[in-house]
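See structure below.
Values reported hereafter were calculated over all heavy atoms of this structure, with side chains retained and with hydrogens, waters and symmetry mates removed. Within every chain, numbering begins at 1; the chains are lettered A, B, ... in the order of the sequence lines, protein sequences first and strands thereafter.
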Number of protein chains: 2
Amino acid sequence: MKDKEAKALVKMFKALSHPNRLQLFVEILEQSEAAFEEGQDCLASTIMEKLNVGAPTISHHLKELVNAELISTERKGKFLTCQVNPEAMKRLGVFFAR
Amino acid sequence: MKDKEAKALVKMFKALSHPNRLQLFVEILEQSEAAFEEGQDCLASTIMEKLNVGAPTISHHLKELVNAELISTERKGKFLTCQVNPEAMKRLGVFFAR
DNA sequence: AAAACAATTCGATACTTGTCGAATTTTAGC
DNA sequence: GCTAAAATTCGACAAGTATCGAATTGTTTT
């Protein structure tokens, strides 16, 4: 395995290696799946209520997920919407398919 | 997702979230794949030469991989053999298959 | 039994990081 | 413009952890 690829994987795993961030990621994942029916839902505001942490912490965690390229975010006016990055899912899926 | 399942996943991700441990895991993974031809190879001794860390550190990292149920170990006399846990691979594969 | 080798345990240390409060920025609605 | 709401930035602190050296345990070999 190339060093570059290993680094990318480490970054992703690290991003998912904390309870709050994993939950954050799963929420976004499930929201994405449910996004067929309704419009995409926002986050920091919506999810902050589910997780028991403050806004600064959510912001920090989201940035790490983005930095690991697990999700991407988009500003929609006052809100911030999040989407799972399909590339990342595929990449990780392949890694564990042996 | 159940809390118990989330905790297990976090443990696995944390175990893979460090460069040396990921490399360790990948080495074991590749060794397992190559184990059809030859006999299973041992580790701390063999792998320690590839990774640039001391024996105590390897021992510590291996314990974490075992604790996360990503691998299992078996004593073979003086040596310690490692095998990837297929259950874990499947579990993680499913998680990213969406 | 003695020496050599593989691995583990134990403490200590340096570094990383999750969280918060306070202050700041950005956008919406009045 | 002013106020409220959503999100970000900043600084600080507590907790966790990767690594090492030294000492220890267990096993093989001579």
Side-chain angles (χ1 to χ4, degrees), chain A residues 3 6-28 31 39-83, chain B residues 3 6-28 31 39-83:
Chain A
D3 188 64
K7 271 186 187 153
L9 286 178
V10 164
K11 223 172 185 177
M12 293 189 199
F13 291 140
K14 193 180 300 191
L16 296 174
S17 74
H18 190 273
N20 286 341
R21 265 197 312 266
L22 179 61
Q23 192 180 347
L24 197 45
F25 180 73
V26 170
E27 295 281 356
I28 297 170
Q31 208 101 44
Q40 294 175 347
D41 263 325
C42 158
L43 290 195
S45 46
T46 305
I47 292 186
M48 209 187 67
E49 301 161 8
K50 301 195 180 184
L51 270 79
N52 208 14
V53 290
T57 304
I58 296 282
S59 188
H60 168 240
H61 285 326
L62 277 180
K63 209 186 302 179
E64 284 208 48
L65 288 176
V66 169
N67 193 250
E69 297 185 42
L70 283 167
I71 67 168
S72 61
T73 62
E74 194 180 346
R75 254 214 125 90
K76 284 267 176 73
K78 191 161 55 164
F79 301 93
L80 194 75
T81 65
C82 304
Q83 311 86 36
Chain B
D3 189 65
K7 271 186 186 153
L9 285 178
V10 164
K11 225 172 184 178
M12 294 190 197
F13 291 139
K14 193 181 298 191
L16 297 174
S17 74
H18 190 272
N20 286 341
R21 264 194 317 261
L22 178 61
Q23 191 179 347
L24 198 46
F25 180 73
V26 170
E27 295 281 356
I28 297 171
Q31 210 101 44
Q40 294 175 346
D41 264 323
C42 157
L43 289 195
S45 46
T46 304
I47 293 187
M48 209 186 67
E49 301 161 7
K50 300 193 180 185
L51 270 79
N52 208 14
V53 291
T57 304
I58 296 282
S59 188
H60 169 241
H61 284 327
L62 277 180
K63 209 186 303 180
E64 284 208 47
L65 288 176
V66 169
N67 194 249
E69 296 185 43
L70 282 167
I71 68 170
S72 61
T73 62
E74 193 180 345
R75 255 214 125 88
K76 284 270 176 70
K78 190 160 56 164
F79 300 94
L80 193 76
T81 66
C82 304
Q83 311 87 36

Side chains of Val26(A) and Leu22(A): closer than 4.5 Å at any heavy-atom pair?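 Yes - at least one pair of side-chain heavy atoms lies under 4.5 Å apart.
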
Please tell me if the side chains of Ile28(A) and Ile47(A) come closer than 4.5 Å, counting only heavy atoms from C-beta onward. yes

Just checking Gln23(A): does its CD atom have more than 12 heavy atoms from other residues, nucleotides or ligands closer to it than 6.0 angstrom? yes

Taking all heavy atoms of [X] and all of [Y], pick out the closest pair and write down the distance.
{"X": "Leu70(B)", "Y": "Met12(B)", "value": "CD1-O, 3.8 Å"}
{"X": "Lys11(B)", "Y": "Ala68(B)", "value": "O-CB, 3.7 Å"}
{"X": "Val53(B)", "Y": "Ile58(B)", "value": "CG2-CD1, 3.7 Å"}
{"X": "Ser17(A)", "Y": "Val10(B)", "value": "O-CG1, 3.6 Å"}

Quick tally for nucleotides 16-30 of chain D: nucleotides whose base has a protein heavy atom under 4.0 Å get B, sugar-phosphate-only ones S, the rest -, giving -SSBBBB----SS--

Distance check needed: [N] [atom2] versus [X] [atom1], whole Å only.
{"X": "Leu16(A)", "N": "dT17(C)", "atom1": "CG", "atom2": "C1'", "value": "16 Å"}
{"X": "Leu80(A)", "N": "dT25(C)", "atom1": "CG", "atom2": "P", "value": "19 Å"}
{"X": "Ile58(A)", "N": "dA7(D)", "atom1": "CD1", "atom2": "P", "value": "10 Å"}
{"X": "Phe79(B)", "N": "dA4(C)", "atom1": "CZ", "atom2": "P", "value": "17 Å"}
{"X": "Leu62(A)", "N": "dA6(D)", "atom1": "CG", "atom2": "P", "value": "15 Å"}

Double-helix bend of the helix from dA1(C)-dT30(D) to dC30(C)-dG1(D), axes at both ends from 5 pairs, round to 10°, gives 30°

Is any side-chain N or O of Ser59(A) closer than 4.0 Å to OP1 or OP2 of dT9(D)?
-> no

Looking at Lys63(B), I'd like to know whether one of its side-chain N or O atoms comes within less than 4.0 Å of OP1 or OP2 on dA7(C).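 No, Lys63(B) has no side-chain N/O under 4.0 Å of OP1/OP2 on dA7(C).
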
- [ ] Check whether the side chains of Thr81(A) and Gln83(A) place a donor and an acceptor atom closer than 3.5 Å, and report yes or no.
- [x]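 Thr81(A) vs Gln83(A): donor-acceptor pair found between side chains.
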
